[in-house]
Amino acid sequence: MENMKCEICGEEAVYRLSPDLDINGLGACEKHKRDVQLAYTILLQYGEKEYKEFVKNLKNEPKNQGN
């Protein structure tokens with residue numbers, strides 16, 4: 001996962017979700033793994049518009065929620 005970044009925070013990705021090995025897919029850090037898994041499902045089920053809205057909302061969440 002060379003140079004792959006987390007879709008939520010931009011940190012180095014340690015996970016990758018992709019429908020095919022030839023496609024980069026979505027990167028996720030340890031902290032945002034479950035969020036990116038859900039974002040990936042939204043992308044596949046509902047399309048790019050809903051995916052982008054979901055990720056935008058995650059990025060805008062307050063940082064100190066006790067997570």
Side-chain angles (χ1 to χ4, degrees):
M1 285 184 292
E2 194 172 305
N3 298 322
M4 195 163 208
K5 302 292 181 189
C6 175
E7 296 296 315
I8 308 303
C9 68
E11 291 182 16
E12 186 175 336
V14 293
Y15 299 101
R16 177 180 79 136
L17 291 118
S18 177
D20 188 316
L21 292 175
D22 294 333
I23 299 171
N24 256 354
L26 304 177
C29 67
E30 188 70 46
K31 179 180 177 183
H32 294 113
K33 180 182 177 185
R34 294 186 84 160
D35 292 330
V36 175
Q37 288 172 329
L38 182 54
Y40 179 74
T41 301
I42 290 170
L43 177 61
L44 294 178
Q45 294 290 321
Y46 301 102
E48 189 173 358
K49 180 181 175 189
E50 287 78 4
Y51 159 78
K52 286 182 177 182
E53 185 176 325
F54 178 76
V55 171
K56 179 182 172 188
N57 288 335
L58 283 176
K59 289 180 179 182
N60 290 331
E61 281 185 355
K63 302 288 184 214
N64 297 322
Q65 291 186 329
N67 295 337

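Please read all numbers here as calculations on a predicted model, not as lab measurements.
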Side chain to side chain contact (heavy atoms under 4.5 Å, CB included), that's the test. Do V14 and K31 meet it? Break it down for me. CA-CA 10 Å; V14 293; K31 179 180 177 183; over 6 Å; no
With a sphere of 6.0 Å drawn around CD1 of I23, does it hold more than 12 non-hydrogen atoms of other residues, nucleotides or ligands? yes
Got a second to check how far I8's CD1 is from R34's CZ, nearest 0.5 Å?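 Atom-to-atom, I8:CD1 and R34:CZ are 14.0 Å apart.
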Quick one: NZ on K5 to CD on E11, what's the gap to the nearest 0.5 Å?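 Spacing of NZ (K5) from CD (E11) equals 9.0 Å.
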Got a list of side-chain donor-acceptor pairs under 3.5 Å for residues 38-58, not counting sequence neighbours?
residue: T41; atom: OG1; partner: Q37; partner atom: O; Å: 3.1
residue: E48; atom: OE2; partner: K52; partner atom: NZ; Å: 3.0
residue: Y51; atom: OH; partner: E7; partner atom: OE1; Å: 3.0
residue: N57; atom: ND2; partner: E53; partner atom: O; Å: 3.3

Shortest non-hydrogen separation from C9 to C29 and the atoms involved: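 The pair with the smallest heavy-atom distance is SG-SG, 3.7 Å.
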Side-chain heavy-atom pair L21, R16 within 4.5 angstrom cut-off: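 L21 vs R16: side chains touch.
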Among pairs that include at least one residue of residues 18-29, which meet side chain to side chain donor-acceptor pair (under 3.5 Å), considering only residues two or more places apart or in two chains? none
